[in-house]
Amino acid sequence: MNPLPITIQKWEGTTMNESELLAQGYRKYTGENVDVYFNLSVCTHSGNCVRGNHAIFDMKRKPWILPDADSAEEVARVIHTCPSGALKYRLKGQEEILPTFPLGNVKK
């Protein structure tokens, strides 16, 4: 048995909504065209986000995520490079939070 809880956003027909995602420890960064969700407990610190687009993701800035710093398509592109699932996004006007792969183990 795995001692760490596994969080899955969408797997075998189930979908986690925003309130469930926030309850799992994700923080929401609101933008005009896209919202970004981040969970430090899931992050493996690969750096793909910061290297992918420093205007959107900058660890030296507060807040460190600015969804409006580039297009929603660019935000999505960078988030899809996150190997851990620590980053998610939702396009305004849509319900689905992406990417929809399992998040994996949440670090304690």
Side-chain angles (χ1 to χ4, degrees):
M1 182 173 180
N2 187 342
L4 298 175
I6 295 177
T7 305
I8 298 175
Q9 186 196 344
K10 183 176 181 181
W11 195 248
E12 297 179 10
T14 63
T15 302
M16 186 178 291
N17 64 33
E18 181 178 278
S19 62
E20 293 167 324
L21 197 65
L22 295 174
Q24 289 294 322
Y26 279 80
R27 181 171 175 195
K28 181 178 180 180
Y29 296 83
T30 304
E32 186 175 327
N33 298 310
V34 61
D35 293 332
V36 174
Y37 304 85
F38 173 71
N39 188 330
L40 181 60
S41 296
V42 176
C43 183
T44 59
H45 307 288
S46 71
N48 288 0
C49 54
V50 176
R51 284 190 307 276
N53 190 312
H54 196 68
I56 301 168
F57 301 97
D58 183 351
M59 295 298 294
K60 296 178 183 176
R61 177 183 62 218
K62 296 279 184 187
W64 79 280
I65 299 173
L66 295 178
D68 292 334
D70 210 317
S71 69
E73 293 79 13
E74 176 63 3
V75 170
R77 183 196 69 76
V78 175
I79 289 176
H80 278 282
T81 69
C82 177
S84 66
L87 287 165
K88 303 281 186 188
Y89 69 93
R90 182 181 58 82
L91 298 172
K92 295 294 177 127
Q94 296 184 11
E95 292 297 317
E96 188 171 30
I97 297 172
L98 298 168
T100 57
F101 58 84
L103 301 180
N105 291 328
V106 176
K107 298 180 286 185
K108 291 287 183 181

Taking every heavy atom of I56 against every heavy atom of V75, the minimum-distance pair comes out as CD1-CG2, 3.7 Å
How far apart are the closest heavy atoms of L87 and C82, and which atoms are they?
N-SG, 3.8 Å
Quick check for you: to the nearest 0.5 Å, what is the distance between R27 atom CZ and N39 atom CG?
12.0 Å
Residue pair S46 / P83: nearest heavy atoms and the distance that separates them
OG-CD, 3.4 Å
What residues, two or more places apart in sequence or in another chain, satisfy ring-ring contact (aromatic ring centres under 6.0 Å, His included) together with F38?
W64
Starting from the C-alpha separation in whole Å, work towards a yes-or-no answer on side-chain contact (heavy atoms from CB on, under 4.5 Å) for L66 and R61.
CA-CA 9 Å; L66 295 178; R61 177 183 62 218; 3.4 Å; yes
Quick one: closest heavy-atom pair of A55 and A69, and the distance?
O-CB, 3.2 Å
Can you tell me how far apart CD (E73) and CG (L91) are? Round to the nearest 0.5 Å.
7.5 Å
Atom of V42, atom of G85 and distance for their closest heavy-atom approach:
CG1-C, 3.9 Å
Quick check: does any side chain N or O of N53 sit under 3.5 Å from a backbone N or O of V78, one acting as donor and the other as acceptor?
no
Going by salt bridge (Lys or Arg N to Asp or Glu O under 4.0 Å), name the pairs with one or both residues in residues 34-47, residues two or more places apart or in two chains.
K28-D35, D35-R90, D35-K92
Check the pair I65, Y37 against side-chain contact (heavy atoms from CB on, under 4.5 Å), reporting the backbone distance first and the verdict last.
CA-CA 9 Å; I65 299 173; Y37 304 85; over 6 Å; no
With R77 via side-chain hydrogen bond (donor to acceptor under 3.5 Å, both in side chains) - residues at least two apart:
E74
Can you tell me how far apart OH (Y89) and CG (N33) are? Round to the nearest 0.5 Å.
13.5 Å
Let me see the working for E18 and Y26 under side-chain contact (heavy atoms from CB on, under 4.5 Å), right down to the final yes or no.
CA-CA 9 Å; E18 181 178 278; Y26 279 80; over 6 Å; no
